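Right, one structure below, let's go through it.
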Amino acid sequence: MKKIKIAPSMLSADFSKMGEELANITRDGADVIHLDVMDGSFVKNITFGPKLVKDIRKYSNVTFDAHLMIVNPWNYIRQFAEAGADIITVHQEACGEKLKDTLLAIKDLGVKCGVVINPNTPASSIEEVVEYCDMILIMSVYPGFGGQKFISDVVPKIREVKDMIDRTGKDIDLEIDGGITLENCRLVKDAGANVIVAGNTIFSETDRASMIRKLREI
């Protein structure tokens, strides 16, 4: 079984003190830092860009996972790579026919790459690119805002994508993002996810280190 990694989403952090929040959540045991990049076009929200990623990079040495919820992501992958992202994930829905080329372009920058699919996007839409990925991210809410309720209908899709990964024989992480709580964490892990993104579930706690441990150990 692959190592379980807990990836706190900085979308739920206090944006007025991002450096401090990042340092604290790293100290509390985060395995990955999930960075939700939204442009107000692909999703109906705006968060931050590569400058913030660059500015906070010095506060943590753990993996930065830049989740690009933006149109034409290929125009921005270099900026995020240079800002310090360790892995860049792009949406199948945003890339269309350019998906494979975008993934390979990320790799050419010396950064790991991944593809993301929304709850209503079939797993079959990414079958041809799984072998090029370092990570597959399945959304269990519709992207754009934190604090949404987990969509349980995605669980069979987690299993389907896990089977795709296993058939490649490659070491590819399977990440789940959206509405993850202590109540549904085991469900997604048992389905095959090993990278668990959690926002409000972690950042709403006074003892965040304890919550990270609980999510990891369930």
Side-chain angles (χ1 to χ4, degrees), residues 5 7 9-11 32-54 56-57 63-146 148 151 154 157-158 160-162 164-165 168 170-178 193-197 199:
K5 304 173 188 177
S9 170
M10 299 304 290
L11 181 63
V32 176
I33 300 299
H34 192 78
L35 300 165
D36 289 301
V37 179
M38 307 180 190
D39 64 358
S41 183
F42 182 71
V43 293
K44 295 180 180 180
N45 195 6
I46 298 173
T47 52
F48 48 79
K51 185 178 186 304
L52 183 135
V53 176
K54 181 178 180 180
I56 64 173
R57 177 73 267 192
T63 298
F64 270 23
D65 167 20
H67 173 194
L68 303 190
M69 288 169 270
I70 61 178
V71 298
N72 301 331
W74 48 86
N75 289 334
Y76 303 94
I77 57 176
R78 179 174 294 278
Q79 291 95 314
F80 282 98
E82 292 176 349
D86 297 292
I87 180 166
I88 297 173
T89 59
V90 294
H91 274 260
Q92 182 274 341
E93 303 87 359
C95 293
E97 294 180 354
K98 291 188 176 182
L99 180 56
K100 178 181 174 181
D101 289 343
T102 303
L103 294 170
L104 294 178
I106 294 170
K107 282 186 172 292
D108 285 345
L109 293 168
V111 176
K112 291 183 177 181
C113 72
V115 62
V116 191
I117 50 176
N118 284 339
N120 61 336
T121 301
S124 58
S125 66
I126 61 168
E127 190 164 9
E128 294 185 358
V129 300
V130 169
E131 63 181 301
Y132 304 107
C133 295
D134 299 289
M135 178 186 287
I136 310 293
L137 168 54
I138 297 175
M139 296 300 300
S140 45
V141 299
Y142 287 94
F145 296 90
Q148 297 185 64
I151 300 173
V154 305
K157 189 189 301 184
I158 299 172
E160 187 176 356
V161 173
K162 180 64 166 60
M164 291 180 185
I165 289 172
T168 70
K170 295 185 176 181
D171 183 19
I172 301 169
D173 284 320
L174 180 50
E175 185 173 40
I176 187 76
D177 179 8
N194 74 292
V195 182
I196 312 298
V197 178

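Every value quoted in this text rests on a predicted model; they were computed, and no experiment measured them.
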- Query: Rounded to the nearest 0.5 Å, how far does SG of Cys133 lie from CG of Leu174?
  - Reply: 11.0 Å
- Query: With sequence neighbours left out, what residues match Glu131 under salt bridge (charged side-chain N to carboxylate O under 4.0 Å, His left out)?
  - Reply: none
- Flag the pair Ile56 / Leu35 as yes when at least one side-chain heavy-atom distance between them is below 4.5 Å, and no otherwise. yes
- Item | Check: Val116 and Met139 side chains under 4.5 Å, non-hydrogen atoms | yes
- Query: Quick one: are Val111 and Ile77 in side-chain contact, heavy atoms under 4.5 Å?
  - Reply: no
- Task: May I ask you to test the Tyr142-Val43 pair for a side-chain heavy-atom distance under 4.5 Å?
- Result: no
- Across all chains, not counting sequence neighbours, the ring pair (Phe, Tyr, Trp, His ring centres under 6.0 Å) partners of His34 are His67
- Message: Any side-chain to backbone donor/acceptor pair from Asp39 onto Val71? Under 3.5 Å, distance only.
- Response: yes
- Task: State which residues pass side chain to side chain donor-acceptor pair (under 3.5 Å) with Asp171; sequence neighbours excluded, sorted by chain then number.
- Result: Lys2
- Any donor-acceptor pair under 3.5 Å linking the side chain of Ser140 with the backbone of Gly178? yes
- Would a 4.5 Å heavy-atom cut-off, applied to side chains only, mark Gln92 and Val129 as touching? no
- Atom pair CE (Met135) and CD1 (Ile87), whose distance is rounded to the nearest 0.5 Å: 4.0 Å
- At what distance, to the nearest 0.5 angstrom, does CG of Leu109 lie from CG of Leu104? 11.5 Å
- Item | Atom pair CD1/CD1 of Ile117 and Ile136 - distance to nearest 0.5 Å | 8.0 Å
- Query: After noting the C-alpha distance and the side-chain angles of Val53 and Phe64, does the key distance pass the side-chain contact (heavy atoms from CB on, under 4.5 Å) rule?
  - Reply: CA-CA 9 Å; Val53 176; Phe64 270 23; 3.9 Å; yes
- Note on the structure: When every non-hydrogen atom of Ala83 is compared with those of Pro50, the smallest separation belongs to CB-O, 3.3 Å
- ring pair (Phe, Tyr, Trp, His ring centres under 6.0 Å) with Tyr76: which residues, sequence neighbours excluded? none
- Taking only Lys NZ, Arg NE, NH1 and NH2, and the carboxylate oxygens of Asp or Glu, determine whether Arg78 and Asp108 approach each other closer than 4.0 Å. no
- Can you check whether Asp36 reaches Asp177 side chain to side chain, under 4.5 Å on heavy atoms? yes
- Closest non-hydrogen atoms of Val115 and Ile126, given as atom of the first, atom of the second and distance, are CG2-CG2, 3.9 Å
- Message: Minimum heavy-atom separation for Lys157 and Ala123, please, with both atom names.
- Response: CG-CB, 4.0 Å
- How many angstroms lie between CD in Glu97 and OG1 in Thr102, if you round to the nearest 0.5 Å? 11.5 Å
- Exercise: identify the closest heavy-atom pair between Ala81 and Ile88: N-CD1, 3.9 Å
- Which residues pass the side chain to side chain donor-acceptor pair (under 3.5 Å) test with Thr121, sequence neighbours left out? Glu93
- Note on the structure: When rounded to the nearest 0.5 Å, the distance separating CD of Glu175 from CG of Asn194 is 9.0 Å
- Taking side chain to side chain contact (heavy atoms under 4.5 Å, CB included) as the test, write out the residues that go with Lys107, two or more places apart. Cys113, Asp134
